[in-house]
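Letters A, B, ... are given to chains in the order of the sequence lines, protein chains preceding strands, and every chain is numbered from 1.
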Amino acid sequence: MINTIAYGLTIGAILFIISIGLSLTFGTMRIVNFAHGLVYTLGAYFLVSALPLTGNNFILGALIAVLAVIPISYVIERFVIRKLYGISIDYAIIATYAVALIGIDAIKWIWGASPIPLSDPVGIDVSLFGITLPLYRLIIILLAVVVFVALLIFFKKTMVGKIVVAALEDKDAVRGLGISVDKYFTYIFVIGSCLAALGGVLYAPITSVHPYMGMMVLLVSFAVVLVGGLGNIKGTFISAFVLGMVMAITGRYWGPAAETMVFVVMGIVLIFKPIDV
Amino acid sequence: MPIQNSTGSRSFRDILLIAAGFLAIMPILGINRTTDFIIFSIFVLAFNILYGFMGRLSFGHMLYLGSGAYGITLFTEHVSRNPFLAIIASICAGALLGVIVGPIIIRTTGACFALINLAFNQVGYFLVVVAFSKYTGGEDGMSVSFSKFGFIDFSNKPFKFGFVLLCLLGTYYLLRKFTSSPYGILIKSIKENETRVKFLGYNTFNYKWITFIISTSLSAFAGALSIINYGYVTPSFIDPSRAVEVLFAALIGGAGSLYGAIIGGVIYMAISNYLASYIPRWEMFLGFALLVVVFRFRTGIWGAISGKIKSRAKAAPVRTL
């Protein structure tokens, strides 16, 4: 049972890291970013390519993978997302989906369609409460908490964070103060994309790397965002761990149903807490 | 959007045009492909009722197609091999699904609507492929056969073609009546501004729910017809990753118009049937085409054609003066 809980916490940690970018773009720009799943997949693939270059140094490889996503996410923001402000939200969904299609096909072109396995980068097990756990999973959970605290500080203490929080409440009022909101949205978009890539990098050793890994995770993390509240960091944090637990516990009893159960929970939450977007 | 005046003679003329169009492309594409195209057009029409007319983009419409496909399969397997009863049963399956999931789905708009549909589609896919694989054949699917009554024989290709074409014409006629009725105008008003419609005293929830059920039932109808056409069912009929096909067809034809849906359906099928064998990077091409449609070509092909016709009609009297 402790093993299941640890697994749930790991999944929850990765879900939180991925969902936070989705939640912020959704909260600030009212855009569902299908390209987010693409960036997540790209992070994992960049890691695959970076590992041989760095002599299998995972931390350096992860850093390169996360940084390599910055120009790509900037291009996506600049040439697709920014043009979508103000036009119907349906077109935003379609356009970002189109970007994801292009990106996935490019990945298949460059890296091939077959899954690439990665080994556990730490490889040390620790004994905890009488069972052995891979240290790597504990690091992931710790990392999610660090990201959470760092984001809270970022939104409370820094100027950029405060502007974004204000823009979440009332975009036009912030613009009325003479602040170029779009510029800050670009920062947020890039930060969110980097976190998505980090999620891909962290999850890659647990499963295998394949071109469609992003789409399923995107759906689950969308459920996280809906349950946690749009643009709500604390809510996203809690709902990520709750849904991660749901996945782990369902997976323990009936493996294939794990991801489906998340949507069932989401459906139940939406019945009692309808969302207006 | 202008309210189209729909007299009986006009929809009769439209029906003749559509029938003539499909009969004309039948010798070029072959009878099998044309039957396939017609069924897909019915699916696009069903999707378009929700997207083009009510402004709700569903990203999981394969679920409703799949409910019809598996509905007709299970009905012929366990109840009766009568094809007409089976079609009715599959439409009921789609309607029932709309009744059950509708109240959860239609409360949302925009992105939530799209993704909740996708989530439900994922659940449906899981149910079919994993949970009930004993009954549905799982990944392998299963074959379906229907009993014959005299000349009614669904293994006969020309009969199948004629039947499917009649189904499309019937669907078109009903939707033409539906969209030009006061009810249809109300649906379009909900797309434009739901708050105002509510303010006028309409209970928009019920209208949206009924429209959703119409769309799911028609999608199920299209699913049932595909099963009749292919003679077997596989999970690809409910695969959520194929949901983008119908969306692309509706967009390229021109959302919010019945003609546009049919044209889009035919063009999309033509692209995916022929172009895919020439262009290896097929998904990438589709992605770029979608971007072009979204940024440059938002009214679709039918929108561009009807825009041209209208501007010419406006320009003509000026010249005679």
Side-chain angles (χ1 to χ4, degrees), chain A residues 26 30-34 38 79-80 83-84 87-109 211-212 215-216 218-220 222-223 225-226 230 254-277, chain B residues 51-52 55-60 100-101 103-116 118-127 129-131 133 191 194-195 205 240-241 243-244 247-248 250-251 255 279-296 298:
Chain A
F26 204 169
R30 293 276 175 259
I31 283 175
V32 170
N33 182 13
F34 270 91
L38 170 71
F79 292 103
V80 179
K83 289 184 179 171
L84 295 168
I87 70 169
S88 163
I89 195 163
D90 305 334
Y91 292 121
I93 299 173
I94 296 158
T96 53
Y97 188 85
V99 171
L101 271 182
I102 295 168
I104 288 171
D105 215 28
I107 286 172
K108 281 199 266 183
W109 203 355
Y212 291 99
M215 281 330 227
M216 198 64 208
L218 184 77
L219 266 187
V220 175
F222 183 75
V225 172
L226 277 192
L230 310 175
W254 194 17
E259 272 151 349
T260 307
M261 200 61 202
V262 171
F263 302 128
V264 174
V265 172
M266 181 187 84
I268 294 168
V269 170
L270 282 177
I271 292 171
F272 294 107
K273 190 194 106 185
I275 294 169
D276 284 325
V277 181
Chain B
Y51 174 55
R56 296 290 188 277
L57 169 63
S58 158
F59 235 77
I100 295 168
V101 298
I104 305 172
I105 291 179
I106 58 156
R107 276 195 284 189
T108 58
T109 56
C112 287
F113 186 88
L115 285 150
I116 288 171
L118 185 49
F120 274 111
N121 196 344
Q122 206 76 45
V123 174
Y125 185 72
F126 166 78
L127 290 179
V129 175
V130 182
S133 57
K191 177 186 182 180
E194 192 180 337
T195 318
F205 182 88
S241 60
V244 69
L247 164 70
F248 184 58
L251 262 183
I279 298 178
R281 292 286 135 207
W282 154 242
E283 276 183 324
M284 202 180 268
F285 174 80
L286 183 63
F288 280 115
L290 274 175
L291 282 181
V292 169
V293 170
V294 167
F295 287 122
R296 295 260 170 265
R298 227 169 275 163

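Within the structure, the salt bridge (charged side-chain N to carboxylate O under 4.0 Å, His left out) test picks out no pair touching residues 256-269 of chain A (sequence neighbours left out).
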I would like to know whether A:Ile94 and B:Leu291 meet side-chain contact (heavy atoms from CB on, under 4.5 Å); could you show each step before the answer?
CA-CA 8 Å; A:Ile94 296 158; B:Leu291 282 181; over 6 Å; no
Quiz prompt | Audit row: A:Tyr91, B:Leu57, side-chain contact (heavy atoms from CB on, under 4.5 Å) steps and yes/no | solution = CA-CA 10 Å; A:Tyr91 292 121; B:Leu57 169 63; over 6 Å; no
**Prompt:** Can B:Phe295 and A:Val80 be said to form a side-chain contact (heavy atoms from CB on, under 4.5 Å), step by step?
**Reply:** CA-CA 9 Å; B:Phe295 287 122; A:Val80 179; 4.2 Å; yes
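Your options are B:Phe126, B:Phe120, B:Phe113, and the one with the most heavy-atom pairs under 4.5 Å with chain A is B:Phe126. Ranked by heavy-atom pairs under 4.5 Å with chain A, the first of B:Leu286, B:Val293, B:Val244 is B:Val244.
To the nearest 0.5 Å, atom CD1 of residue A:Ile102 and atom CZ of residue B:Phe285 are 11.0 Å apart.
Both the backbone and the side chain of B:Ala119 come within contact range of chain A, each with at least one heavy atom under 4.5 Å from a heavy atom of that chain. The part of B:Leu251 that comes within reach of chain A is its side chain, from C-beta onward, which places non-hydrogen atoms under 4.5 angstrom from that chain. In this structure, the portions of B:Ala131 lying under 4.5 Å from any heavy atom of chain A include both its backbone and its side chain. For A:Ala106, the parts sitting under 4.5 Å from any heavy atom of chain B are the backbone and the side chain alike. Only the side chain of A:Met266 comes within less than 4.5 Å of a heavy atom in chain B; its backbone stays farther off. Using a 4.5 Å cut-off between heavy atoms, A:Val262 does not touch chain B at all. Contacts of A:Ala100 with chain B are absent, with no heavy-atom separation under 4.5 Å from either backbone or side chain. For B:Tyr51, the part lying under 4.5 angstrom from a heavy atom of chain A is the side chain only.
Between B:Val130 and A:Trp254, the closest side-chain pair of non-hydrogen atoms falls below 4.5 Å. In this structure, the side chains of A:Leu226 and B:Ile116 come closer than 4.5 Å at one or more pairs of heavy atoms. Looking at A:Thr260 and B:Tyr125, their side chains never come closer than 4.5 Å, going by heavy atoms from C-beta outward.
Closest of all the heavy-atom pairs between A:Ala98 and B:Gly287 is CB-O, 3.3 Å.
Two rings, from B:Phe59 and A:Tyr97, have their centers less than 6.0 Å apart.
Residues passing the side-chain hydrogen bond (donor to acceptor under 3.5 Å, both in side chains) test with B:Gln122, sequence neighbours excluded: none.
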